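These notes are about the structure you will find just below.
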Amino acid sequence: MKGVVVFLGPPGVGKGTQAGLLREKLDAIHISTGALLRSEIESGSELGLSVKGVMAKGDLVSDDQLFGCLENTLDRDRQLSEKLVILDGVPRTRSQVSRLDEVLSRRGLKVALAISLVAPVEKLVARFAHRWSCQSCGSVFSFETAPDSGSKCEKCGAQGAFYRRDDDGEKAVRYRFSVYHEETAPLLDVYRERELLQEVDGLAEAGAVFEQIRAKIVKCFDF
Ligand code: ADP
């Protein structure tokens, strides 16, 4: 068993980018709860319809909706106990910490490391104005001007697939930061008390952030 790593940090700090790099370079399983919920919306499922408005506003979906979706995903993955599993987006509240522990323990897993990506809010808010995602592979990019229909994704080659997330507008971004401060930031202490917390500077260049994270993972797990 390799074990489970949770990624903590404010919106826009690069959790998705770093988890994507770990998937690519360490063959990790990357589970992004935000991406799971966005694909429910995309598919037009009942869950997707019921969370669309909540997410667009920047609020949290209910624990039952979240864990229903997460548990389905965990149960579909046959390599869960053999690989490094990166949880990106959960837990986000104190109640989710204990529920996540139960959900993992029922599957013979537990959180072995919590990586906190650290950056000042003012630096992050500005990132959202230029943030575009690829509909096809989920990679996130920063473009000064809007990409046109001929623009290609440098990761997967998809053309004209860039979009801006519904919750990346200024109002929703500010609300997401307030939710982060009230609900999620206190979890840093929870994992610090468990002696599982490792902090990484989230403002450094993506490759350098990745090397710091890789070093902490190598130290914690048997790689
Ligand atoms: P970010 O970290 O940039 O805010 P995410 O993609 O992780 O973005 O999450 C987007 C949205 O998905 C959240 O604002 C929330 O509405 C929903 N969501 C994701 N994870 C959770 C969770 N653990 N609990 C409740 N809602 C969640």
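Both counts, for ligands and for their atoms, begin at 1 and track the order of listing. As the structure is a computational prediction, the values presented were derived from the model and not from experiment.
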Next on the checklist: Are there over 12 heavy-atom neighbours, none belonging to R174, within less than 6.0 Å of that residue's CZ?
Outcome noted: no
[X]: numbered ligand 1 atoms lying under 4.0 Å from its heavy atoms:
X    : value
R176 : 1 (P), 3 (O), 4 (O), 8 (O)
L66  : 21 (C), 22 (C), 23 (N), 24 (N)
V61  : 25 (C), 26 (N)
R38  : 6 (O), 10 (C)
G89  : 20 (N), 21 (C), 22 (C), 23 (N)

Item to check | Among M55, R131, R99, closest by any non-hydrogen atom to atom 11 (C) of ligand 1 | outcome: M55
Item to check | Option of least heavy-atom distance to atom 9 (O) of ligand 1 (set: K57, K15, R92) | outcome: R92
To the nearest 0.1 Å, how far is [atom] from its closest protein heavy atom, and which atom is that?
atom                    : value
atom 24 (N) of ligand 1 : Q96 NE2, 2.9 Å
atom 17 (C) of ligand 1 : L37 CD1, 3.6 Å
atom 15 (C) of ligand 1 : D59 O, 3.3 Å

Checklist outcome for this item: Residues P10 and F177: closest non-hydrogen pair is CB-CE2, 3.9 Å
Item to check | D168 to V173 - nearest heavy-atom pair and separation | outcome: O-CG2, 3.4 Å
Next on the checklist: Can you tell me how far apart SG (C69) and CD (E40) are? Round to the nearest 0.5 Å.
Outcome noted: 4.5 Å
Checklist entry - Taking the inter-plane angle between the rings of F143 and W132 on a 0 to 90° scale, is it parallel (under 30°), tilted (30 to 60°) or perpendicular (over 60°)? => result tilted
Next on the checklist: Less than 4.0 Å is my threshold; does some heavy atom of R165 fall inside it relative to ligand 1?
Outcome noted: yes
Next on the checklist: Considering both backbone and side-chain atoms of T33, is one of its nitrogen or oxygen atoms within less than 3.5 Å of a nitrogen or oxygen in ligand 1?
Outcome noted: yes
Checklist entry - Is there at least one pair of N or O atoms, one from L60 and one from ligand 1, spaced under 3.5 Å apart? => result no
Checklist entry - Which residue, L70, V90, D77, forms the side-chain contact (heavy atoms from CB on, under 4.5 Å) with I31? => result L70
Item to check | Identified side-chain contact (heavy atoms from CB on, under 4.5 Å) counterpart of C153 within the set C137, S136, S133 | outcome: C137
Item to check | Side-chain donor or acceptor of Q18 paired with backbone N/O of A206 under 3.5 Å | outcome: yes
Checklist entry - Is a side-chain donor or acceptor of D148 paired with a backbone partner of S151 at a separation under 3.5 angstrom? => result yes
